Structure formats: C-alpha cells, structure tokens
Amino acid sequence: METEALERPADLTIWRTLPASSPLAQPERYDTLREALMAAKGALRDPAQQPWIITEEGEILSPNWIRTYLN
C-alpha cells in the first residue's frame, strides 16, 4: 500500500457476528485511512466485531487484511 493512501479518507464499517436482531452496521467516515485502521484495530479485540474498510480508491480491506497489516 502506498504511503499516500494512508492520508486519504476511508470508510470503516464494523459488522457484528451476533444474531440478526443486532443493529445494522453503519459506515463511519474517517479523514484518513490511518485513522480508520486505528479504529479497526480496537474492533479486532472483540471477536463479535468484523471491521471492513473501503478506501477512497474503492479498495475493500477485509478483517484479515487489516489484522495482517497491523501486525
């Protein structure tokens, strides 16, 4: 991933792996991909949450991708 991409806006959606009665996931806009990744890192601590990021370029970053990148 380019360093420039880390400074562009990104959307983070945290899906819950709980029953269907849980609220629907809503994307949250972050000013930078770097901020979205830090928020996703917090979500990864809870196995019931699955963070997905969509970059400004339309690239979809899965929970596994995020986990690998942060490690």
Side-chain angles (χ1 to χ4, degrees):
M1 171 167 296
E2 300 173 14
T3 304
E4 293 175 359
L6 293 170
E7 301 307 322
R8 295 187 191 123
D11 294 322
L12 168 65
T13 303
I14 299 175
W15 291 93
R16 294 174 183 22
T17 58
L18 299 175
S21 62
S22 63
L24 294 176
Q26 295 293 321
E28 185 174 341
R29 184 76 163 174
Y30 286 86
D31 291 334
T32 67
L33 173 56
R34 189 180 315 276
E35 292 172 1
L37 286 165
M38 290 301 103
K41 182 178 184 176
L44 286 170
R45 292 185 187 119
D46 181 349
Q49 297 184 6
Q50 296 294 309
W52 290 77
I53 295 175
I54 300 178
T55 68
E56 186 175 61
E57 293 79 24
E59 187 176 355
I60 299 172
L61 309 179
S62 71
N64 287 334
W65 187 98
I66 296 167
R67 190 176 291 107
T68 299
Y69 181 82
L70 293 172
N71 290 327

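Note that this is a predicted model, so its numbers are computed, not measured. When reading the values below, keep in mind they use all heavy atoms of this one structure, side chains included, and skip hydrogens, waters and symmetry mates.
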Looking only at heavy atoms, what is the nearest atom pair of Leu33 and Leu61, with distance? CD1-CD1, 4.0 Å

Is any side-chain heavy atom of Leu44 closer than 4.5 Å to a side-chain heavy atom of Pro51? yes

Hey, are the side chains of Leu37 and Thr32 touching, using non-hydrogen atoms and a 4.5 Å cut-off? no

4.5 Å side-chain heavy-atom contact, Ile66 and Ile53: yes

Residues forming a side chain to side chain donor-acceptor pair (under 3.5 Å) with Asn64, sequence neighbours excluded: Arg67

For Asp46, I'd like to know if atom CG has over 12 heavy atoms of other residues, nucleotides or ligands within 6.0 Å. yes

If you round to the nearest 0.5 Å, how far is CD of Glu56 from CG of Asp11? 9.5 Å

Distance, nearest 0.5 Å, that separates CD of Gln49 from CZ of Arg16: 5.0 Å

Tell me, do Glu35 and Leu12 make a side-chain contact under 4.5 Å, heavy atoms counted? no

Which atom of Tyr30 lies closest to which atom of Ala39, heavy atoms considered: OH-CB, 3.3 Å

Got a second to check how far Tyr69's OH is from Lys41's NZ, nearest 0.5 Å? 11.5 Å

Under 4.5 Å between any side-chain heavy atoms of Arg8 and Glu57, yes or no? yes

